[in-house]
Amino acid sequence: MNQHVLVLNCGSSSIKFAIIDAKSGDTPLQGIAENLGATNGLLRYAFRQEKTIIELPDNASHKDALSNIGAVLNKFDELHSSLIAVGHRVVQGGEVFTHACLIDDTVKEQIRDLAKMAPLHNLAHVAGIESAQAAFPELPQVAVFDTAFFQTLPKHVYLYALPYSLYEQYGIRKFGFHGSSHYFVSREAAKRLNKNIEECNLITAHLGNGCSITAIKKGIAVDTSMGFTPLEGLVMGTRCGDIDPSIATYMIEQLDYSAAQVSSLMNKDSGLQGISQLTNDCRALEDEQAKGNEQAKLALDMFIYRLVKYIGSYLAVIGPLDALVFTGGIGENSSYIREQTIIQLGHLGLAIDDTLNSEIRFGRSGLISSKHSKPIYTIATNEEWVIAKETINYAFKA
Ligand code: AMP
């Protein structure tokens with residue numbers, strides 16, 4: 001008997017959805033409702049390989065999108081009747097949610113309350129949850145938090161060296177994000193190493209438009225690069241990652257930026273995009289670099305340097321490494337980024353196999369290290385499957 005879960009990732013202007021068999025990971029239907037709140041809203045989905053696009057009404061809300069998703073599901077009777085729960089990705093769970101949980105009015109209120117730390121994400125999640133409750137009133141709804149995997153970070157790691165009262169009064173600390181992805185690929189790496197996860201020291205690098213890297217010691221997350229928000233850490237598509245915080249105050253005090261402008265600049269106009277002055281798209285930058293574009297090269301060099309620096313520091317933290325893992329759109333596809341990163345880490349016992357590395361792309365997973373290296377894997381992530389499994393775990397807990 002199939003146990004299908006509807007997995008929803010509700011953003012401010014889009015809803016990604018997938019129907020997943022929680023046991024096998026089989027995903028017969030997946031899609032996205034995009035440009036919500038605008039005039040060009042679309043619902044795209046693929047049932048197996050068959051793709052369909054539907055226009056949404058102007059200014060479509062999350063509720064409109066979810067009732068359209070419900071109407072799509074009605075076309076696939078067997079799938080619809082095999083749905084047993086809805087799982088929601090929630091970005092910010094704060095210190096309140098240490099694991100996934102069944103959504104009731106209190107949980108919804110707490111997720112709304114945490115929006116002060118992730119306004120774009122959590123408010124959209126609440127809109128998505130309420131719309132899904134209206135569209136699928138018969139199904140239990142579960143929230144799965146990006147931050148939950150990082151609840152094991154020690155206090156001396158998750159605190160910033162600010163006055164302690166800021167943590168006590170306002171909860172300012174490192175949370176970490178992309179938890180479902182780091183969880184998934186670390187468990188997959190353990191399987192490939194033929195070891196229990198509790199025996200594994202791993203570094204997992206999720207490199208997509210957003211990038212984060214996690215240090216895992218004996219199966220447990222002990223450090224991660226994203227922080228209070230997903231802005232800290234690596235160079236990303238449009239986010240700057242680590243900078244001297246005084247740059248923000250300098251821009252406000254000396255350059256007349258507002259706080260909102262600084263935040264927008266650091267989140268939306270920085271990273272690969274900001275340095276290259278071309279694009280946030282890593283593949284396009286590799287093409288431009290090949291044509292001799294110096295800014296594209298600089299952006300890629302900075303991306304790789306920051307990554308190398310984090311891997312080096314996490315090697316110091318976790319002790320003997322069992323494996324390094326690449327995932328995310330860049331991690332899974334860019335043999336260039338992987339190769340250039342590993343070349344710089346040769347003195348730390350890591351070496352790439354050029355043939356294996358060039359063969360792994362387009363969602364394939366496998367070993368990319370040479371015989372003399374510590375294992376390095378590329379593993380295609382599957383956050384939706386983690387959410388589906390967690391949803392089943394928590395939907396029916398007594
Ligand atoms: P994600 O956010 O995980 O979907 O990842 C998006 C990023 O992956 C973008 O920067 C893409 O340019 C990058 N990407 C996808 N395919 C490739 C590729 N073949 N080579 C380099 N980068 C890629």
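Not measured: the values here are computed from a predicted model. Reckoned from all heavy atoms, side chains included, excluding hydrogens, waters and symmetry mates.
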Residue pair Q110 / D113, side-chain donor-acceptor N/O under 3.5 Å = no
Thinking salt bridges, do E286 and R283 make one under a 4.0 Å N-O criterion?
-> no
Path from I172 to L159 over hydrophobic side-chain contacts below 4.5 Å | no
Thinking salt bridges, do K297 and E294 make one under a 4.0 Å N-O criterion?
-> no
Report yes or no: do T381 and H206 form a side-chain donor-acceptor pair below 3.5 Å?
-> no
Side chain T52, main chain E50, donor-acceptor under 3.5 Å = no
In terms of side-chain heavy atoms, does Y183 have a donor or acceptor partner in E390 at a distance below 3.5 Å?
-> no
Minimal non-hydrogen separation, N201 against I318, with atom names | ND2-O, 3.1 Å
Give a yes or no on whether Y45 and V7 share a hydrophobic cluster (residues Ile, Leu, Val, Met, Phe, Trp, Tyr; joining criterion: side-chain heavy atoms under 4.5 Å apart).
-> no
Between Y377 and E188, does any side-chain donor sit less than 3.5 Å from a side-chain acceptor?
-> no
Taking NZ, NE, NH1 and NH2 as the nitrogens, is one of them in D26 or R48 under 4.0 Å from a carboxylate oxygen of the other?
-> yes
When you measure from the side chain of N267 to the backbone N and O of R239, does any donor-acceptor pair fall under 3.5 Å?
-> no
H88 side chain to Q141 side chain, donor-acceptor N/O pair below 3.5 angstrom = yes
Could K174 and E232 be called an ion pair, given the rule that one side-chain N must be under 4.0 Å from one carboxylate O?
-> yes
Is V96 reachable from V91 through a run of hydrophobic residues whose side-chain heavy atoms are each under 4.5 Å from the next?
-> yes
Could you tell me whether the side chain of S82 and the main chain of L79 form a donor-acceptor pair under 3.5 Å?
-> yes
